[in-house]
Amino acid sequence: MEPTREERAESAVRAELARYRSAFALRLLRALSLAVVGALMAFFLPVGPTAFASGSWLVAKLGPAGASLALRGLGVAVLVAALLWGLSIVRALTHGRRRFEAELRRQVSGGSDG
C-alpha cells in the first residue's frame with residue numbers, strides 16, 4: 001500500500017525539521033567552542049614580564065601590562081560575542097523552529113499567500 005499524500009507531506013516536513021535542527025545544533029557547537037576560546041583568553045592568559053616576547057608589536061605599543069590587559073579585553077569581547085551568538089541560535093531553535101514549521105506546513109498544503 002502506497003502512502004497517502006498527507007503521509008508523504010508529513011514525512012517531508014519531519015525530515016526538513018530534522019535538517020533545520022541539525023544545522024542550528026552545529027552552529028550552537030561552534031558558538032560554544034568560540035566561547036571557550038574567549039574564556040581561556042580572558043581568564044587563563046599568563047601575566048608578568050615574561051609572558052610576552054620582548055620585541056612584539058603589542059608590547060612595544062602598550063607595554064607588558066597594557067598588552068596583557070588588551071588581550072584579556074579581547075578575550076572578554078570574544079566570550080560576550082559568542083554568548084550572544086549562542087543565545088540567538090537558541091532562539092532560532094525554539095521560536096524560529098515554530099515559525100519555520102508553520103511556513104513548511106503552509107507550503108506543503110499548497111497555500112500561497114503572497
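Below, all heavy atoms of this structure are taken into account, side chains as well, without hydrogens, waters or symmetry copies. Every value quoted in this text rests on a predicted model; they were computed, and no experiment measured them.
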Note: Ala31 and Ala82 closest approach over all heavy atoms is O-CB, 3.5 Å
Audit row: Glu2, Arg8, side chain to side chain contact (heavy atoms under 4.5 Å, CB included) steps and yes/no: CA-CA 10 Å; Glu2 211 171 291; Arg8 287 193 311 263; 4.1 Å; yes
Do Trp57 and Leu71 belong to the same hydrophobic cluster, where Ile, Leu, Val, Met, Phe, Trp and Tyr are linked whenever their side-chain heavy atoms lie under 4.5 Å apart, directly or via other members? yes
Taking all non-hydrogen atoms of both residues into account, name the closest pair between Leu45 and Ser68 and its distance. CD2-O, 3.9 Å
Test: Glu16 and Arg19 ion pair at under 4.0 Å: yes
Under 4.5 Å between side-chain heavy atoms, counting indirect links through other Ile/Leu/Val/Met/Phe/Trp/Tyr residues: same cluster for Leu26 and Tyr20 or not? no
Between the OG1 atom in Thr94 and the CZ atom in Arg99, the distance rounded to the nearest 0.5 Å is 9.0 Å
Rounded to the nearest 0.5 Å, what's the gap from CG on Leu79 to CG on Leu84? Could you check? 9.5 Å
What I want to find out is whether Arg105 reaches Glu101 closely enough, with some N-O distance under 4.0 Å, to be called a salt bridge. yes
In the single-linkage hydrophobic clustering (I, L, V, M, F, W, Y; side-chain heavy atoms under 4.5 Å), do Leu83 and Phe24 co-cluster? no
Approximate separation, where rounding is to 0.5 Å, of Leu28 CG and Arg21 CZ: 14.0 Å
In this structure, OG of Ser109 is separated from CZ of Arg5 (nearest 0.5 Å) by 8.0 Å
Please determine whether residues Val76 and Leu62 belong to a single hydrophobic cluster, defined as Ile, Leu, Val, Met, Phe, Trp and Tyr linked transitively by side-chain heavy-atom distances below 4.5 Å. no
Val78 with Leu29, same ILVMFWY side-chain cluster at under 4.5 Å: no
Got a second to check how far Phe100's CZ is from Leu93's CG, nearest 0.5 Å? 12.0 Å
